[in-house]
2 protein chains.
Amino acid sequence: MITNMERVKKILNQAGVKPSLQRMAVMSYLMEHKTHPTVDEIFSALSPSIPTLSRTTIYNTLKLLVKQGVVMMLTIDENCTRYDADISEHAHFICSVCGKVYDIEIPHIGDIRLNAGFEVTERHLYVKGVCSKCKGFN
Amino acid sequence: MITNMERVKKILNQAGVKPSLQRMAVMSYLMEHKTHPTVDEIFSALSPSIPTLSRTTIYNTLKLLVKQGVVMMLTIDENCTRYDADISEHAHFICSVCGKVYDIEIPHIGDIRLNAGFEVTERHLYVKGVCSKCKGFN
DNA sequence: ATTAAAATTGTAATGATTACAAATATGGAG
DNA sequence: CTCCATATTTGTAATCATTACAATTTTAAT
């Protein structure tokens with residue numbers, strides 16, 4: 001276990017989320033695996049170590065973590081929702097060949113002109129294309 | 001019918017899409033209704049005038065139009081895919097209260113630093129929040 | 001008019017997500 | 001520690017968007 005469980009517990013507490021075993025496992029997994037995993041990937045990874053784990057718990061937990069603002073929901077993949085514990089401002093690239101989602105550094109997201117009275121809570125910059133691996137490089 | 005059917009036919013032909021009755025109806029609907037409709041909204045709207053119309057045809061047509069680059073698929077709404085015949089560079093705002101998707105003008109999408117060998121085909125800027133109507137203004 | 005290819009249709013299957021009720025765990029009061 | 005109320009987890013069933021697929025219809029060329 002790379003991620004310090006005390007650190008995970010602290011993050012959840014600060015977000016107002018009671019740090020149960022399952023919630024810590026999900027949050028910890030997201031922090032250790034910056035691959036923008038799906039619910040199923042998270043479930044498959046955690047299931048062996050928590051045999052009673054249910055998919056519903058993953059869904060519940062992720063919904064809660066997103067609501068509390070410590071996890072970001074990505075809709076870049078039209079097949080299923082992906083999740084990211086990195087809530088810093090960055091963009092995502094999805095390869096249309098292998099489906100892998102990469103992080104992209106962005107100096108700043110483009111200027112956005114909103115009409116008066118609009119309140120912004122989230123900004124997402126998604127880029128689609130073919131990654132270097134699938135293009136045959138390296 | 002506001003949109004000139006000859007114009008729709010021309011667009012489809014130029015995109016290499018044979019302009020059947022159904023395809024013209026879908027493309028025309030998207031051009032006239034800049035509301036980023038879902039498959040169901042398109043189906044419900046066109047069904048009365050084309051009684052034999054099938055949902056599958058809408059799905060097939062949209063997939064084709066997206067592949068040929070005359071329609072854009074939006075994944076801003078986690079519940080279902082939305083479609084847009086405006087393929088110019090612009091961003092989208094979704095209201096988390098009413099679910100309506102608005103167009104946003106953007107001077108330019110943020111600078112994106114990609115690693116070498118990555119090929120970009122699409123760029124999407126999504127903003128989420130609460131629209132002025134749902135905030136109680138106007 | 002014939003016929004092969006393309007397009008459309010309807011139904012059934014798939015798969016992610018949600019609803020919901022039962023079971024379990026937690027944490028405080030006595 | 002024990003009891004109880006509440007929160008959390010779990011498993012199953014339901015929902016709903018999307019896809020698969022085979023049959024039917026249309027199209028366009030010969």
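Throughout, a chain's letter reflects where its sequence line sits, starting with A, and its residues are numbered from 1.
Rounded to whole angstrom, the span from the CG atom of A/Leu12 across to the P atom of D/dT8 amounts to 12 Å. Taking atom CZ on B/Phe43 and atom C1' on D/dT19, their separation rounds to 16 Å, with Å as the unit. Between A/Ile58 atom CD1 and D/dG11 atom P the separation is 12 Å, expressed in whole Å.
Rounding to the nearest 0.5 Å places OG1 of A/Thr61 at 6.0 Å from CZ of A/Arg23.
Residues A/Leu114 and B/Val130 fall into different hydrophobic clusters, defined by Ile, Leu, Val, Met, Phe, Trp and Tyr side chains chained together at heavy-atom separations under 4.5 Å.
Taking the six-membered ring for Trp and the full ring otherwise, A/Phe118 and B/Tyr102 have centroids separated by under 6.0 Å.
Side-chain atoms of B/Thr38 and B/Asp40 include no donor-acceptor pair closer than 3.5 Å.
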Check your understanding: How would nucleotides 8-21 of chain C be written as a contact map, 5' to 3', with B for base contact, S for sugar-phosphate-only contact and - for no contact, using protein heavy atoms under 4.0 Å?
Key -> SBBB----SBBBB-

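The shortest heavy-atom contact between A/Ile50 and A/Ala25 is CD1-CB, 3.7 Å.
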